[in-house]
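One structure below.
Given the structure is predicted, the values throughout are model-derived calculations rather than measurements.
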Amino acid sequence: MTFSNAKFSDAVLAWFDHAGRKHLPWQQAVTPYRVWVSEIMLQQTQVSTVLPYFQRFMASFPTLADLARAPIDEVLHHWTGLGYYARGRNLHKAAQLSCERYAGALPDTLDALMALPGIGRSTAGAILALGFGQRAVILDGNVKRVLARHQALAGDPAKAAVSKAFWALANALTPTQRCADYTQAMMDLGATLCTRSKPACSRCPVQTSCMAYAQGEPTRYPEKQRKQAVPTREAILMIHRQHDQVWMQQRPSTGIWGGLWSFPEWPADAELPEQAEPLPAFMHVFSHFRLHIRPVLFSSRAVLGVSDANGRWVTLSDLPALGFPAPIYSLLQRLGARQEVC
DNA sequence: AACTCGGGGTG
DNA sequence: CACCCAGAGTT
């Protein structure tokens with residue numbers, strides 16, 4: 001480690017001691033399991049969004065063994081509304097693999113952690129540093145932003161060559177001593193001071209050595225390529241209702257809304273039957289397309305035009321045991337409010 | 001290397 | 001509306 005690298009981590013650690021976050025739920029009663037669950041939930045998801053999900057998840061699955069033996073549908077129910085549902089499936093699968101391979105504990109090496117589904121290089125580093133107290137390196141959105149600005153690193157970090165440079169820099173700056181605190185400090189720095197817009201440079205512990213600050217335009221970094229406008233698709237959802245039940249299907253485990261329960265789709269270009277009663281349509285936005293959802297209510301006795309594969313009748317009391325995409329769960333609640341399901 | 005995967009917060 | 005957030009898996 002060079003003198004300047006040690007100076008960087010020392011300044012970051014000194015700042016952490018008086019300004020870092022120390023009261024987040026996963027910072028209390030720290031275990032590798034709790035750190036792991038929090039890191040998975042926090043992938044591409046902000047802290048404030050995760051907080052209630054983490055608390056509910058830990059109350060239901062307090063240990064890795066509890067998670068491993070829980071039904072997948074119950075795990076996915078705890079993910080309802082959180083998004084990126086493959087994270088929930090991978091978490092469950094990795095818990096079972098850990099029970100089989102490592103006697104109910106998480107492994108404590110980078111390679112073994114990365115071999116588990118849902119754990120990549122950065123999450124493995126976070127588990128080792130925060131959960132096991134090892135010297136390990138992370139590179140999440142916060143760290144990328146801090147490093148890009150401090151070193152005025154040009155290029156889109158999504159590009160492989162640029163990413164390699166970011167990892168090398170992150171590794172060079174990560175100290176051997178107090179690695180857990182440094183790891184938390186870098187995330188805190190990115191989340192609270194070195195924010196995407198309006199960074200609080202006046203309070204930054206490494207402002208004097210920050211190249212982007214010296215250049216006068218810190219928000220220029222990190223560079224990102226612009227995304228093109230997303231297309232809009234249409235989905236007609238058939239809500240077959242019989243008394244207090246609706247007919248639902250579990251989606252395939254891969255692809256959009258994998259493993260979650262939804263209503264059967266009616267081909268967007270086909271004509272609707274006479275007895276179809278349209279409900280208010282609404283828009284659901286994904287990162288890569290917009291979905292115009294047109295719910296249609298069928299009160300007929302027969303389930304029309306859908307195969308019964310992966311399907312079942314669902315009542316209100318079934319909801320806690322199943323996973324749903326946010327717009328479908330919202331639709332179910334609206335149906336319940338109309339006392340059509342409940 | 002490019003693409004796929006959600007939902008919510010923010011300006 | 002655009003952007004992005006404690007990224008990883010698939011192709």
Side-chain atoms of residues 106-133 of chain A: list all donor-acceptor pairs with protein atoms under 3.5 Å, sequence neighbours left out, distances to 0.1 Å.
residue, atom, partner, partner atom, Å
A:T109, OG1, A:A112, N, 3.2
A:S122, OG, A:L139, N, 3.1
A:T123, OG1, A:Q43, NE2, 3.0

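Projected onto DNA chain B by closest heavy-atom contact, A:S197 and A:G258 fall at different nucleotides, the more 5' of which corresponds to A:G258.
Side-chain contact of A:R145 with A:N142: a donor-acceptor pair under 3.5 Å is present, judged by distance alone. For the residue pair A:S330/A:R334, the side-chain donor-acceptor check at 3.5 Å is satisfied.
Put simply, CG on A:L260 is 13 Å from P on B:dC5, counting in whole angstrom units. When the C1' atom of B:dG7 is taken as reference, atom CZ of A:F282 falls 14 Å away, rounded to whole Å. Summarising the geometry, the separation between CD1 on A:I328 and P on B:dG6 is reported as 13 Å, rounded to the nearest angstrom.
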Base versus backbone protein contacts along nucleotides 3-11 of chain C [heavy-atom cut-off under 4.0 Å; B, S, -]: BSBBBSS--
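With respect to the salt-bridge test (charged N to carboxylate O, under 4.0 angstrom), the residues A:R178 and A:D17 qualify.
When side chains are defined from C-beta on, A:F263 does not count as touching A:W247, because their heavy atoms never get closer than 4.5 Å.
Taking the centre and axis of the six-membered ring of A:Y221, the NZ or CZ atom of A:R149 falls outside the cone set by 45° and 6.0 Å. Both the sub-6.0 Å distance and the 45° axial angle are satisfied by A:R56 relative to the ring of A:Y53.
Taking the P atom of each, C:dA6 and B:dG11 are spaced 14 Å apart, rounded to whole Å. Of the P atoms belonging to B:dG9 and C:dA8, the separation is 23 Å, rounded to the nearest Å.
Listed in residue order, the members of residues 49-57 of chain A having a heavy atom less than 4.0 Å from DNA chain C come to none.
Residue A:P327 is in sugar-phosphate contact alone, with no base atom involved, counting any heavy-atom pair closer than 4.0 Å across all strands shown.
Relative orientation of the A:H240 and A:F298 rings is parallel, given thresholds of 30° and 60° on the angle between their planes.
With hydrogens and angles ignored, the 3.5 Å screen pairs a side-chain donor or acceptor of A:S38 with a backbone N or O of A:V35.
For residues 186-197 of chain A, the salt bridge (charged side-chain N to carboxylate O under 4.0 Å, His left out) pairs, not counting sequence neighbours, are A:R21-A:D188.
Residues passing the side chain to side chain donor-acceptor pair (under 3.5 Å) test with A:Y33, sequence neighbours excluded: none.
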I'd like a table of atom pairs between the protein and nucleotides 1-4 of chain B - only N or O on both sides, under 3.5 Å - with the distance next to each one.
none

